[in-house]
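Read through the structure below, which is laid out as C-alpha cells, and then see the notes.
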Amino acid sequence: MSTPIEPIRTVHGRGVVVRGDDIDTDRIIPARYLRCVTFDDLGDALFWDVRHDDDGRPTGHPLDDERFAGASVLISGRNFGCGSSREHAPQSIRRAGFDAVIAQSFGEIFFGNSTTLGLVCIELGPDDLEEIARAVEREPAVAIEIDVEAELVRVGDRSLRGSIAASARRALTSGRYDPLAELLEGDAAIAGVAERLPYVGQR
Amino acid sequence: MTSPRTLLDKVWDAHAVRELDNGQTQLFIGTHLIHEVTSPQAFGMLRDLGLEVRMPERTFATVDHIVPTDQREEPFADALADEMIKALHANCARHGITYFDLPSGLQGIVHMVGPEQGITQPGTTIACGDSHTSTHGAFGAVAFGIGTSQVRDVLATQTLAMTKPKVRRIEVNGRLGPGVYAKDVILHIIRTLGVNGGIGYAYEYAGDVLARMSMEERMTVCNMSIEGGARCGYVNPDATTVDYLEGRPYAPKGAAWHEATERWLACASDAGCTYDDVVVIDADDIAPTVTWGINPGQAIAIHETIPHPDRVPPGERASVVEALTHMKLEGGAPIRGTKIDVAFLGSCTNARLSDFIEVARVIAGHRVAPGVKAIAVPGSTLVKEECERRGIDAVLVAAGFEWRAAGCSMCLAMNPDKLVGDQLCASSSNRNFKGRQGSATGRTVLMSPAMVAAAAVTGTIADAREVFGTREGVTA
Ligand code: SF4
C-alpha cells in the first residue's frame, strides 16, 4: 500500500445518457461475464445484452452511438446499480472509460463498490437529472463538470446541486477512497476487538 | 442503566474497531464466507499487494455459483468454470481456509452452508461477496453482501469500512392463511415498500408471523432484504434460533453452549428501543404473490390484474411499459393463466428441506404439464441427501421434475442451466431482472415453491390453493 492515491476533487468530461430506473447489476454486466479470475477485460461487456440483439448485432444503444464516443460521465435514472454485490459492475463501467455516474439514487452496495474504485456517484433530483439528460442528448459535446466537495454538477452555464454521501465525499477528496491502507493501520485495535469477542476463535 | 438498544446497535458496538477519517466505522467481521465467483480477484489483489490473510480461521469457502448441477467431477466441461473452481481451491489451500468442496459432502449455496454448519450465529457480523448474505440475518446476525475489493479488505484485515444503517422495524402481525408462505410475506413487503425503500436501512422483521416462523422460513424472508434495497435484514434470536443451532458442527458445545445461548438471546433488540421507522403489516393482507415485471417489487397477488400503464402514477409509467414489453404481458390482464415454459425450484431463497417437503406434499400424484421443463435444484448437498433419504426426490421425479445436485443453477445461470430465447420461467428464486436467467429475452416470474409446483403441473401461472386444494399449510 505504498503508492498514495490521488484525491478526486472534480471530474470533467462529456456525458452519455442511459435512460431507465432500477437498472440492476445484471443489466450492467450479465452473469456470464463474471466467469473471470481478474477484472481486466470487463470494459467491453458493459451493458452487453442491451447493446446487442440475440444474433449479436448492435441495437443502437447510446454507448455505441458515435455522438457520445469518449463520454466519461454516465447519466441514468433512479436506483442505479441495484441488485447483486458484483463489483464487476462498477469495474466494467470504470474500464469502459467512465469516471462518474449521475443518477437519482444508487443501489447501496454498488455505491460503495464504486467509491472504492474512485468512480464518483452523485445523486441529482429528478428535474435536474432530466435537464442534464436533455442537454447531453441535444448536444453530446457539452462539457460536464462534477465538483465533488461542493456536490455540484455544472453543465454549460448551469450549476445543479446534487448530493454525495459525506463519507464518500471525504474519501474521494482526501484520496482515501480505497480504504485498505487505513484499515491496515488499525491493526492493534483489530486485535483488541477480536480478543473481546467471545465467539471469535471459539470452536 | 443503558438505554434500550436494537440488535443492530448492540452488534455494531461490539464489532466497531474505530472511526475512520471519512466518518465511517471500521467494523470487525466475525465470519467471512467466500465462493468461486467473487473471491479469485480479491486473492489476486492480495497477492499483488504482498498481503496475507489476517484470520484464515474466520473465513469459510464453498462452491456454488458456477458449479454445474449435473456434472460433479473435475475437470468441468466449461474451462472457465473449471479455472475459477481450481483458483478457489488453490487459494484456500495456500491460506489455510476451510473449504466445503464437492467431495466433502457439505458443499452448497454459501447461504445454506453457513447455517447448516452452525457457522452462522446470533450477534455476529457476517460478510460475503454476495448480496444475499442478508439471509444470515435470520439468526440475528448483522450480515451483508460486499464487493470484491471489500472481500480483499476482509481477507487482509478482518474488517470493513462501513456506514451504520438506520433500522426499520417491519412487524407482520396476525396469521397467514393456508397456502401463504414466507416467500409471499417478503414479496408483499417489497411490493409495499419498493425496491429502493430500504436503501440506508437494516430491516428488523418482527411480529407474530415472524415469531412463529421456522428458521428456514425466516431465512427466506431475510434473503430478499436486498431486493427491497436493504443491505441487511434480521430477526431477533429466540428459542427457535437456539434450537436450530444446537448440535450443529460449529455450534459451541458443553458449558460454552449455555454461555453462548444466553449471549445470543441477550442480543435481541430491547423492549422500548427506538427505531428510525416502523411499518406494520397485517397477515390477512398477504396472498400468494407473484411478480409480473422485471424487479421483485413489481409483484401482485395471484388474483390481481397486471398494472395498466395508464392507471399508474406518471412517474412509474415508463418502467411499467418497459417491464410489460420485456415480459410480453398486457397491462390490465390477469396474471393467472399466463403460459410458462420452465419451472425452477431452487436458489438460496427457497431450496431448503422444508421447501421440498412442502412441494412433495402438494405435487404427489400430479404430473408436470407437457412441454414444461421442470428442474429441482437443492440448495445444498445435505438438503439433497436428506430429500433422497425421505424419498422426496422420487416424488418430484415421478411428477416430471429433473433432480439435480446442489448449486445456484438457474437462479443466475452461470452454469449450463439457462433459459432459452424468451422462455418464461416460474421460479422460486429472488431476482427477475432482465437476462437474469441466462437469456437476454428470458422472462422470470418469482413465486413460492408451492406456486412453482402449481405452475409446473398446470403449465400456467396458477393459484396453488386451487390446483392442490386448500389445506392447512405447514407454514407459520
Ligand atoms: S442462489 Fe442465486 S441469489 Fe442465491 S447466492 Fe446463488 S446466485 Fe445468488
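Side-chain atoms are counted along with the backbone in the values below, which use heavy atoms only and exclude waters and symmetry mates.
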Response to the item:
Bottom line for B/Asp153: the part with an atom under 4.5 Å from chain A's heavy atoms is both

Item to complete: Decide, yes or no, whether a salt bridge links B/Lys434 with A/Asp24 under the criterion of side-chain N to carboxylate O below 4.0 Å.
Response: no

Worksheet, complete the sentence: Nearest heavy-atom approach of A/Leu183 to A/Ile190 is O-CD1, 3.8 Å

Discussion item. We want to know whether B/Arg54 and B/Gln158 form a side-chain donor-acceptor pair, criterion being a heavy-atom distance below 3.5 angstrom.
Written reply: no

Worksheet item: Hey, is A/Asp49 close enough to A/Arg32 for a salt bridge, meaning N to O under 4.0 Å?
Response: yes

Worksheet item: Checking heavy atoms, do the side chain of B/Phe433, its backbone, both or neither come under 4.5 Å from chain A?
Response: both

Worksheet item: Going by distance alone, is a donor N or O of one side chain under 3.5 Å from an acceptor N or O of the other, for B/Ser149 and A/Glu87?
Response: yes

Worksheet item: Side chain, backbone, both or neither: which part of A/Ala191 has an atom under 4.5 Å from a heavy atom of chain B?
Response: both

Worksheet item: Between B/Ala14 and chain A, which part of the residue has a heavy atom less than 4.5 Å away: side chain, backbone, both or neither?
Response: both

Item to complete: Compute whether any side-chain donor of one residue and acceptor of the other, for A/Ser92 and A/Arg86, lie under 3.5 angstrom apart.
Response: no

Fill in: Portion of B/Gln150 that has a non-hydrogen atom of chain A nearer than 4.5 angstrom
both

Worksheet entry | Largest heavy-atom contact set with chain B, pairs under 4.5 Å, which of A/Glu182, A/Arg176, A/His52 | A/Glu182

Worksheet, complete the sentence: So, the part of B/Ala413 with a heavy atom under 4.5 Å from chain A: the answer is neither

Discussion item. Heavy-atom pairs under 4.5 Å with chain A: which of B/Asp78, B/Thr163, B/Thr31 has the most?
Written reply: B/Asp78

Worksheet item: Do A/Thr38 and B/Gln41 meet the criterion of a side-chain donor-acceptor pair at a distance under 3.5 Å?
Response: no

Worksheet item: Do A/Arg51 and A/Asp44 sit within salt-bridge range, that is, some charged N less than 4.0 Å from a carboxylate O?
Response: no

Discussion item. Quick check on B/Met162 against chain A: is it the side chain, the backbone, both or neither that has a heavy atom closer than 4.5 Å?
Written reply: neither

Practice prompt. Could you look at B/Ile226 and say if it's the side chain, the backbone, both or neither that has a heavy atom under 4.5 Å from chain A?
Written response: side chain

Item to complete: Let me know if B/Ala230 has heavy atoms under 4.5 Å from chain A in its side chain, its backbone, both or neither.
Response: neither

Worksheet item: Among A/Asp187, A/Asp53, A/Val50, which residue forms the greatest number of heavy-atom pairs with chain B at distances under 4.5 Å?
Response: A/Asp187

Worksheet item: Can you say whether A/Ser84 sits under 4.5 Å from chain B via the side chain, the backbone, both, or neither, judging by heavy atoms?
Response: both

Response to the item:
When the 4.5 angstrom heavy-atom criterion is applied to A/Val37 and chain B, the contacting part is both

Item to complete: Considering only heavy atoms and a distance below 4.5 Å, find which of B/Leu80, B/Thr148, B/Thr38 pairs most often with chain A.
Response: B/Thr148

Worksheet item: Which atoms of B/Arg436 come close to chain A, meaning under 4.5 Å heavy atom to heavy atom: side chain ones, backbone ones, both, or neither?
Response: both

Worksheet entry | Toward chain B, the part of A/Phe106 with a non-hydrogen atom under 4.5 Å | backbone

Discussion item. Looking at A/Glu137 and A/Arg19, is there a salt bridge between them, counting it only when a charged N and a carboxylate O are closer than 4.0 Å?
Written reply: yes

Discussion item. Closer than 4.0 angstrom, basic N to acidic O: yes or no for A/Glu149 and A/Arg9?
Written reply: no

Discussion item. Under a 3.5 Å cutoff, is there a donor and acceptor pairing between the side chains of B/Asp422 and B/His326?
Written reply: no

Worksheet item: Passes ring-ring contact (aromatic ring centres under 6.0 Å, His included), A/His61 versus A/Phe47? Steps please.
Response: CA-CA 9 Å; A/His61 190 269; A/Phe47 286 118; 5.6 Å; yes

Worksheet item: By a 4.5 Å heavy-atom criterion (distance strictly below it), what part of A/Arg169 contacts chain B: side chain, backbone, both, or neither?
Response: neither

Discussion item. More than 12 heavy atoms of other residues, nucleotides or ligands under 6.0 Å from CZ of A/Arg134: yes or no?
Written reply: no

Worksheet item: Which of the residues B/Val37, B/Thr441, B/Ile66, B/Thr159 is involved in the greatest number of heavy-atom pairs with chain A at under 4.5 angstrom?
Response: B/Thr159

Worksheet, complete the sentence: Cut-off 4.5 Å, heavy atoms of chain A, and the answer for B/His65 is neither

Worksheet entry | Contact leader toward chain B among A/Pro90, A/Ala194, A/Cys82, where contacts are heavy-atom pairs under 4.5 Å | A/Ala194

